[in-house]
Amino acid sequence: MAGNGKSHVKEMALTLAALLILTVITVWAAHVNFGSLAINIVIAVLIATIKVSLVMLFFMHLRWENKLVVAFAILAIPFIILAIGAIIWDTTIRVGVEKVFP
Amino acid sequence: MSVATAVKKLHDGSKWGNPPELVYDMSRMGFWLFLATELLLFAVLFTAYAVYYFHDPAGFHASAHELSVGFGAANTIILLVSSFTVAWSIEAIKQGNIRLMNILLAFTIGCGLVFLGNKYFEYSHKMHEVELEAVALAKSPALLKDLKEQGKCFTNTAGQEVCRVIPFNVANIGSGDPLTKPAFASMFFFLYFFLTGVHGLHIVVGVALLSWVLIKGLRGEFHPGWYTPVEVGGLYWHLVDLIWIYLFPLLYLVS
Amino acid sequence: MSDIYPALVLPPSASSSAPVVDFAFWLVMIISILAFLVVEGVLIYFVVRYRRRKNEAERETPHLTHNTTLEIIWTIVPSLILLVLFYYGYVAIKELRNFPQDSEVIRVVGQKWFWNFYYPYCVEDQASGKKLCISGNTENINPEKGSGQTQLAKQENQFLFRIPKGRNITLQIESQDVIHSLYIPAFRVKQDAVPGLKTRLWFQATELGEFPIFCTEYCGKDHAGMAGKVLVMEPVAFEQWKEAELAKLREKLKTIGQVKDEATLIAEGTRLFTAKGCNACHGLQGNRLVGPPLNGIYGKQEEMQDGSKLTVDDAYLKESILKPMAKIVKGYPPAMPPQNVTEDEVEALVAFLRSLKN
Amino acid sequence: MAHAVAEHAPVSYLEKKGILSWLSSVDHKRIGILYLITTMSAFLVGGVFALLMRAELARPGMQFMDPQTYNVLMTLHGSIMIFLFIVPGIVATFGNFVLPIQIGARDVAFPVLNRFSFQVYLAGLFIIALGLANPADTGWTFYPPYSSTTDTNVITLTLGAFVLGFSSILTGINFIVTVHKMRAPGMTWYRLPLFVWAIYSASLIQVIATPVVGISLILLVAERVFGVGFFTPALGGDPVLFQHFFWFYSHPVVYIMILPAMGVVSEILPVFSRKPIFGYKAIAWSSVAIAAVSFVVWAHHLFVSSLSTTAGIVFSFLTFTVAVPTAIKVFNWLATLYKGQIELKTPMLYSLAFIFLFIIGGLTGLPLAMIGVDVHLHDTYFVVGHFHYTIQGGTVLMMIAALHYWWPKITGRMYNEKVAAFMFWFVFIGFNLTFIPQFILGIGGMPRRYADYLPEFAPLHLISSIGAYTLGIGYFVTILNLLISLKKGEKAPANPWRANTLEWQIESPPTEHNFHEIPTITSWPYDYGQKEERKKESL
């Protein structure tokens, strides 16, 4: 087993501290207007992504995992980007389609 | 494996002929694959969120106004802390500290229950009438028309047009016509309830999973040579944390 | 052009974009057939040539595992052919979606299970501000089970969607209930009618004659009957027909607001009952379909879903047509969509229902 | 990996009797057989529905059913065939039975999870059966708003499909981990049989695509139960969004169906032409490539449903990219036949028919990928024909081929070769008779999902119906022939086809733990047609 190795509790405590600080930043950023609605959302999502990366790297041990597990862990990401990206792209550029309802 | 309890037959996951190291390896791999499917499942809901957000940003902002940032932030902190404790419990068992592992697991389960309690208060608040800006309902013309006919819409002191409406009406579930009697007041509230509902379901499953691990832990089944269930339970718990990290700004902070 | 074409190859090519689509179609067909002949030919030749004959001893076969040159060739050659095909598909869609500026816009509304056509040709009464436009709808042509009829028999008396030859027509497509899809094979056009959206397609008819219109997005029970015919006319004939229709509407405009006698109303209501598709869900012989039967409904005591009772009168009937979900009769699903009818038409329908005896 | 296997006399895995011993078994072979029984039953039921539809469509006008009955049959035929038969089809049956043995493992990575997958599958089957009291009439695509307003049991069907999807995900995870971690010593990636590559690729799609449709179906259920307007325009919803989600899964899913079939072909061809497979790496990696590309083509199902034209053109281009790896596979199969010594046994007949029909299926996909031409062909019988040529001519035929190929291994009995080969011609001719007319109908403008049609389409519909019944007889007698062999068939030798893959190196039927000793692999399994001494050299 991978056990009996070095303990990572210290890194994890630091991670928690970072996550809590980032949470405060998220709440603060929500009250600041960065120019447009879309930019505000993108900034919120970016901060969330940093937090998620921290959780995955330290809490979920990806930093210390073998390559194969890391590969499976990030397997979904391109497909998530594909689904979200392509569908938003299409629904926002539909040409020649108007809404009937107000 | 020089563990004191070696007199008893040790649990090591080798029931089906595979050595524990291999089981540990395979379980992490398989479980990460499972987490990938979970992420894709939520990705669909986030896609829907994005599509409807761009469709109606004003409505989303007006609706999100009704959510309490305090509750959301509290739940975020609860999940982050519990995520840390469950990660710590794995470190503890790696060092052979069974007692610490059990305490941390129990603490994590407690956090999960507090989270659910918070959600219960939040949900029940949303099942009563609130004053919602009419702009939040603009994309549901059928509903807005109906509310106006019932005289539920008026101009408030701040000069905004608002309607008294129940964001999630339990009484309408499974009955009547979805057009004029929706259970959800706006697309935002539907997404709010659906996203947090599915997430809450995962919390329930996570609490159940960790409780099962804790029972095994109390029975002394884990030792530094075999703690795969703790690891897997922990990974699952982190998943609910991951999802919530996105949910919090998208639902509570868009106003 | 006859309205029955031999269903062996493409339908007659009757619009200005059809040749572009057809070129792309025949291109891919010819390439496919060539590829088919070559590849299947090789397959059959190999099987016949190298099959193990009766009593043939086992022989040593060549140990061929791969050939990089060959692999590269049969990766690149198909890729190039596919690029060409993609290009002509692109050319065809550019033609189909290149909406002309100078076209007449006709509104098409799909509903279960017929198409409504609303022309932009209207007459208006200045004084009252009332307006009537040329419109019409196809009828459900699904035959009854065991009737021995075919769709053709029911198609004989169909409404014809008349359009002039040689003019650009844009159809603005909407749907009242579920997704439908308007398909005119002879024009090579197809577009979904999505509720909540206005979609559109365009064509310029180049051949005179009648051509079928189909619904190609599954929409429920009588999906197969949601068909009609488009009639392409000489522009002169079309103008004559248009003027005649407008004259009829002018007559009708005069009668609006006047008190009509019951007989006229009932006659109009009888027509509307089928034309608006009421008969799809309501029987007249006491038979339960999706909705309750309507014979003898007037003056009857009905129990509602919430347990209350009421007597069916003019006001209730009117409400049930315009806002069907307001009061649901006990034992029936809340399934009826609000109907697309004018005040006059409601009046006629109510008169018709009044007239129905048990 | 050989670890703690109890020492006892080797017994066949079929030895233990009784239903309970089957349902409680975690043996991958038994689970494979359970899947085989359930999926083939679903196939027969779905097939009967198809025959009923073809009977009604033989003549214009409504003969002996009303349109609603037709719509229900159409929905059930689609849903049962897709969700209960063809998706678990080869993956769960032969994947389970053969894959662990082929890589030299005693079982899959997670045997209990494997049993759980089957139990979940049974639960899904049960939920779908519950809905048969008032069966859904939405078509297997469940497009809202029709599916959210119709008065039939859509909920049970969608929930059933959701549960089946869950089973599919778990099976996929299991196989992926098995292939990575349970290979026998010396079994490198390039020594894996191509069937394993195919199942591995299909499993990847199962894991990635299935959750998407799962949650979309749950959204549909929410729409019906809670009355939310997620896909209802009057409440601000977008019906086309569902189509995006649905096809994000349901296009890749056709590759879950066809990839394993391609894997079986790649196994059977070298064995019966006594020649090494040609272009091993090309075939292996084209499977992975198809799996990857299958995810970027879904919107070609939306060309006329208000997809933006720009997106349509991009997706049209991406769709063509799938054709390249597919063409590579076909050419490699042909090259495998070159200068071989082809034995026309039943599995080989079906495999050759697969190549023949799949070429037609693939070529008819081209006009559908060309966006401008697809506008005319979309939702016509052309699509029905194309789909059946790839999935029935592809997957179902290979399912039958795999049944014959592995039958001696699974049951320890030989089937009657003469009957099987004779019935093959029923299937082959019946199949073409059924679906060639549908291409012509589609080109002529005959829309699909029609209970009735205009008289000009009548002659072709009649031919198609005659073909369908020929096909039905072919399948029925073929399966009957196999069943009869259970009692009357000769005892099968361990390796009747003289094949090299591992499953043929052990007893027929295999023992409970497959191998007495885990083998060490020293070569790939495709050195056919060589003298023994040469074979050793080439290692």
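Values in this document were obtained by computation on a predicted structure and should not be read as measured data. Residue numbers start from 1 in every chain, and the chains themselves are labelled A, B, ... in the order their sequence lines are given, proteins ahead of strands.
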Can you see which heavy atom on D:L307 is nearest to which on D:L302, and at what distance?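 D:L307 and D:L302 have their closest heavy atoms at CB-O, 3.1 Å.
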
Which heavy atom in C:S13 sits nearest to a heavy atom in C:A18, and how many Å separate them? OG-CB, 3.4 Å

Heavy-atom distances under 4.5 Å only: say whether [X] touches chain D with side chain, backbone, both or neither.
X      : value
C:E71  : side chain
C:Y88  : both
C:V91  : neither
C:L96  : side chain
C:L83  : side chain
C:L70  : side chain
C:D22  : neither
C:P78  : side chain
C:E217 : both
C:R97  : side chain
C:I44  : side chain

Relative to chain C, which segment of [X] carries a heavy atom at a distance below 4.5 Å: side chain, backbone, both, or neither?
X      : result
D:F231 : neither
D:M74  : side chain
D:I277 : backbone
D:V72  : neither
D:P459 : neither

Can you name the side chain to side chain contact (heavy atoms under 4.5 Å, CB included) partners of C:E40, sequence neighbours left out?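 Residues passing side chain to side chain contact (heavy atoms under 4.5 Å, CB included) with C:E40: C:F36, C:L43, D:F356, D:I359, D:I360.
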
Report the relative orientation of the aromatic rings in [X] and [Y]; use parallel for angles under 30°, tilted for 30 to 60°, perpendicular for over 60°.
X      : Y      : answer
C:F214 : D:Y450 : perpendicular
D:F354 : D:F358 : parallel
D:W524 : D:Y526 : perpendicular
C:F203 : C:F187 : tilted
D:H461 : D:Y381 : perpendicular
D:W285 : D:Y190 : perpendicular

Who among [options] has the most heavy-atom pairs with chain C under 4.5 Å?
options                        : result
D:Y453, D:Y280, D:F331, D:F303 : D:F331
D:A451, D:A327, D:S316         : D:S316
D:T336, D:L352, D:T321, D:T150 : D:L352

ring-ring contact (aromatic ring centres under 6.0 Å, His included) involving D:F317 - partner list, sequence neighbours excluded: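 Only C:F86 meet the ring-ring contact (aromatic ring centres under 6.0 Å, His included) criterion with D:F317.
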
Criterion salt bridge (Lys or Arg N to Asp or Glu O under 4.0 Å) on D:R498 and C:E58, from CA distance to verdict: CA-CA 12 Å; D:R498 297 173 298 138; C:E58 179 140 355; 2.5 Å; yes

